[in-house]
Amino acid sequence: MSSKFELMAFLLDRFFITTACIVLLGISGVTAQNMPDAEFGSIPDSLFQMQAPEDDIPYRITNKELNVSFQEADESILAVLEHHIRIKVFDDSVQEASVVAIPYYFENDMERVTSLEAYTYLPSGGRVALSEEDIRTININSRYNVKEFVMPAVEDGAVIEYRYTIERRYIEELPDFYLSHKVPTDNAKLTITYPKYLRYQSYTENFDGRITHDVVYTDTSSVPKVFTIPQPQPVVTERWMARDIPPVKEEAYITTLDDYRGKIKFLLSEFGVPRQQLENNWEVVVARIRDKTDPWESINENNEAEAVGDSIAGSLDGVPESQVQDSIYHYLNERVNFSGQHTAFSQTSGEEVLTGEPSNQAAINQTLVAMLKGAGIEANPVLISTRQSGKINMDFPSFYQFNGLMVRSEIDGQSYLMDAGFSYSQPGLIPVDTYGSRGLVLGEDEYEWIDINPDKSLFDIQIQIDGQLDRNGTLRGTVEAVQQGYPAQIIRQQKADGNSDSEIFRQTLFDGYPQMSAKDVVVKNAEKYGEPIEFTGEFEIENYATSFTDGLKFSPMVVGYRNENPFSGPDRNLPITLDAPEKLDLSYSIKLPQGYRVAVNAGRTIRFSGAEFIERYDNTTGQLDYRYQINIDQRNFSADYFPSLYKLYNRWVELSNSSWLIEE
């Protein structure tokens, strides 16, 4: 008998311990963090008393909260995302302090904003509500819209507060929760309240600060705590909290600021009753692409484009496949009407593309694959992420990281990357905003990852000037120039727009000299895309050199000058992403007026991994020969190389703004 009572006592002890643990888990996270949810509409006096910081920050985010829950509707599951933002404004003259933009994924009705409420709280004690008429919807691209509005009556010292709810139909992943912004964030808190049938795996990016992460189990049952009565499972809430988050500064030459902002990403990891572990990898993503958004479905149905490719190839019988590809590419490139939209998949037909209907990037390049296929050339679509969309996170397998599509072909062991929506281009010359990304080559039965860095996508300019400087400061002479890559594409665009050779000559080389006159200008190879653009001409610039009593003041960088350093200062924390590799070769041979001389600099070189700047000078009797070469062979540099890169560009600017004294 006693053993029976001992067993009952033991079970009761276990029961009370378990119950206590559940309750403690439900309380301890709040008390430990002391970060309760900010109450909407109740602004603490401390925010109005907050003083402006000394570092000229125009505003700061004092609270950023997101509560995620789930509901079942119309035989589907919705994620309900309730956002609450509070901002302290120090300088109302800065537009960003009062402008709010709320992005949401509108394609396929994936997300919709279901409620929005906003107020400006004035230091005097007044409150001004946002009017619904002041909210406008802006289309950003084929996937995203933005709800944008300007908060009313904002003044120095005001507090802005707004909240909104987004309902999301796609729950396999959640939108990124950004911790860091362009200004400091005092408190950030994300809460997910789970139903019993799903869980998420979190991934933290670009954040070295402390994130407090806990799981809270809340017992909401009213059932008596008796072991003979089944107990409902507690409500599970997962939380992520961070404080005092520093800002991320916008810098020149980055991909997009979102690539460097601290964030938390979420991917569905368990689903079902009982919950089953889900497999999340790129093989699964590719399988979903083939099931729902397979570009090959449109390509294989594109009979008209395939027939056009076959016809072009037939008319070029015996010509190397690379030339057949060039002909097909330019046939399409000259006819398309790119709408400006980047997408990873399109159902627009090839017939619409070929007849010049406005078409997105995927539709155009799916048509190109079909045409190359018709010509018997091996080609595949390549899914990419554009520069604005950000770098692909290989550790976060998701189709929604792709927002663009280009083409890769294989001819005699050589690969070609192409985007036929890029006007006046050629195979190997792709838009700047797609260069440098990673690409997923989607074959009909397999896939592979590649780097998007074709060798023709660069800035390549070579210029030779042979000139004569007169005593009155007039500089006249001849120019021979060769341009490849993006500069050549721009010149072909100018020719197509009807600009004369002389106008192109002036705009390309002498844009800063309104007094310049030119003659005998010839632009070559504008129609020969496989050749570089070449142009020659004669020029005369009156008063190029300024006359002084003791000589002439002469600017050595006649062409190819750069007036400002693209980097704002010598300090930087973010990696550098240039538009493309750069090659600049400027050679000058200037005859001086009789009896004049100049003391020139000694040659110098700035060289580091991936880049160099070379100066060479030769001053013989009556002749001044000098040369500047800039070779930047790569696009991406770590922040460690920034001082060297800054120095290189700074030297370029110094030479562009310097003057030599040519003495008699």
Side-chain angles (χ1 to χ4, degrees), residues 319-320 322-323 325-327 329-331 333-334 416 418 422-432 435 454-468 475-513 516-541 544 556-562 579-591 614 616 625-633 652 656:
V319 170
S322 59
Q323 294 183 28
Q325 174 175 264
D326 287 346
S327 296
Y329 183 90
H330 293 300
Y331 179 93
N333 189 242
E334 292 169 0
Y416 299 85
M418 298 167 274
F422 187 31
S423 299
Y424 306 101
S425 62
Q426 62 190 102
L429 181 61
I430 62 174
V432 167
Y435 184 95
D455 56 3
K456 290 185 180 180
S457 297
L458 78 169
F459 296 90
D460 189 346
I461 300 174
Q462 302 172 49
I463 302 173
Q464 170 69 50
I465 288 186
D466 294 294
Q468 168 73 54
L475 179 67
R476 60 174 56 88
T478 62
V479 176
E480 295 180 5
V482 177
Q483 303 202 8
Q484 300 186 75
Y486 296 111
Q489 186 267 341
I490 292 171
I491 291 173
R492 290 186 169 104
Q493 174 80 67
Q494 292 173 329
K495 286 283 285 184
D497 290 343
N499 291 331
S500 68
D501 289 357
S502 293
E503 289 172 328
I504 294 172
F505 186 72
R506 178 188 296 275
Q507 294 171 14
T508 304
L509 297 179
F510 297 98
D511 190 46
Y513 305 104
M516 191 275 291
S517 61
K519 65 178 182 178
D520 298 332
V521 176
V522 177
V523 177
K524 300 178 181 178
N525 299 330
E527 302 297 328
K528 298 178 181 178
Y529 284 74
E531 301 293 330
I533 290 286
E534 298 178 8
F535 53 89
T536 58
E538 298 182 21
F539 71 94
E540 181 175 306
I541 307 174
Y544 179 80
M557 191 76 81
V558 181
V559 296
Y561 42 80
R562 179 181 281 274
D579 288 339
E582 298 184 23
K583 297 184 183 299
L584 181 66
D585 190 343
L586 306 175
S587 295
Y588 300 92
S589 182
I590 308 295
K591 291 182 179 180
I614 301 173
R616 294 289 181 265
D625 295 320
Y626 55 102
R627 185 178 185 180
Y628 303 128
Q629 290 178 286
I630 298 173
N631 296 300
I632 304 177
D633 295 328
W652 191 352
S656 300

Enquirer: At their closest point, which heavy atom of Leu429 faces which heavy atom of Phe422, and how far apart are they?
Expert: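 Heavy atoms of Leu429 and Phe422 come nearest at O-CD2, 3.5 Å.
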Enquirer: Determine the sole option in Tyr529, Tyr486, Tyr329 for which the side chain to side chain donor-acceptor pair (under 3.5 Å) test with Ser425 is passed.
Expert: Tyr329
Enquirer: Rounded to the nearest 0.5 Å, what separates atom CG in Asp579 from atom OH in Tyr435?
Expert: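 Those atoms lie 11.0 Å apart.
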Enquirer: Drop me the distance from Arg492's CZ to Gln483's CD, to the nearest 0.5 angstrom.
Expert: 10.5 Å
Enquirer: Rounded to the nearest 0.5 Å, what's the gap from CZ on Phe535 to CD1 on Ile504? Could you check?
Expert: 8.5 Å
Enquirer: Dump the intermediate steps for salt bridge (charged side-chain N to carboxylate O under 4.0 Å, His left out) on Lys495 and Asp501, then the final yes or no.
Expert: CA-CA 8 Å; Lys495 286 283 285 184; Asp501 289 357; 2.9 Å; yes
Enquirer: Verify, without hydrogens or angle tests, whether Glu503 (side chain) and Ser500 (backbone) share a donor-acceptor contact under 3.5 angstrom.
Expert: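 Here the side-chain-to-backbone pair exists.
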Enquirer: When rounded to the nearest 0.5 angstrom, what is the spacing between OH in Tyr628 and CZ in Arg616?
Expert: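 Between atom OH of Tyr628 and atom CZ of Arg616 there are 12.0 Å.
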Enquirer: For Tyr561, is there any backbone N or O sitting under 3.5 Å from a side-chain donor or acceptor partner on Ser656?
Expert: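 Looks like no, no N/O pair under 3.5 Å.
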Enquirer: Give the minimum heavy-atom separation between Pro454 and Gly428, together with the two atoms involved.
Expert: CB-O, 3.2 Å
Enquirer: In Å, rounded to the nearest 0.5 Å, how long is the span from CD of Glu538 to CZ of Arg476?
Expert: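 Answer for the CD-CZ pair, Glu538 versus Arg476, is 10.5 Å.
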Enquirer: Using a strict 4.0 Å threshold on nitrogen-to-oxygen distance, state whether Arg627 and Asp585 make a salt bridge.
Expert: yes
Enquirer: Which donor-acceptor pairs under 3.5 Å do side chains of residues 516-525 form with protein atoms, sequence neighbours excluded?
Expert:
{"residue": "Asn525", "atom": "ND2", "partner": "Pro532", "partner atom": "O", "Å": "2.9"}

Enquirer: What distance separates Tyr513 OH from Glu540 CD, expressed to the nearest 0.5 Å?
Expert: 14.5 Å
Enquirer: Kindly give the heavy-atom pair with the smallest separation between Val559 and Tyr588, and that separation in Å.
Expert: O-OH, 2.8 Å
Enquirer: I'd like to know if Lys583 pairs up with Asp633 as an ion pair, taking the criterion as any Lys NZ or Arg NE/NH1/NH2 lying under 4.0 Å from an Asp or Glu carboxylate oxygen.
Expert: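 Here Lys583 pairs with Asp633 in a salt bridge, since their nearest N and O are under 4.0 Å apart.
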Enquirer: Are any non-hydrogen side-chain atoms of Asp460 and Pro487 less than 4.5 angstrom apart?
Expert: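 Contact flag for Asp460/Pro487 side chains = no.
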Enquirer: If I compare all heavy atoms of Ser587 with all of Gln464, which pair ends up nearest, and what's the gap?
Expert: CB-OE1, 3.0 Å
Enquirer: Is the side chain of Ser457 donor-acceptor paired with the backbone N or O of Ala580 at a distance under 3.5 Å, no angle test?
Expert: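 Not a single qualifying donor-acceptor pair exists.
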Enquirer: Side-chain contact test, heavy atoms from C-beta onward, threshold under 4.5 Å: evaluate it for Phe539 versus Val479 and give yes or no.
Expert: yes
Enquirer: Within the 4.5 Å heavy-atom criterion, are Tyr416 and Ser322 side-chain neighbours or not?
Expert: yes
Enquirer: What residues form a side-chain hydrogen bond (donor to acceptor under 3.5 Å, both in side chains) with Asp497, not counting sequence neighbours?
Expert: Gln493
Enquirer: Grab the two heavy atoms, one from Asp455 and one from Leu458, that are nearest each other, plus how far apart they are.
Expert: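 Smallest heavy-atom distance, with atoms named: O-CD2, 3.5 Å.
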Enquirer: Does Trp652 use its side chain to pair, donor to acceptor, with the backbone of Ile630 at less than 3.5 Å?
Expert: no
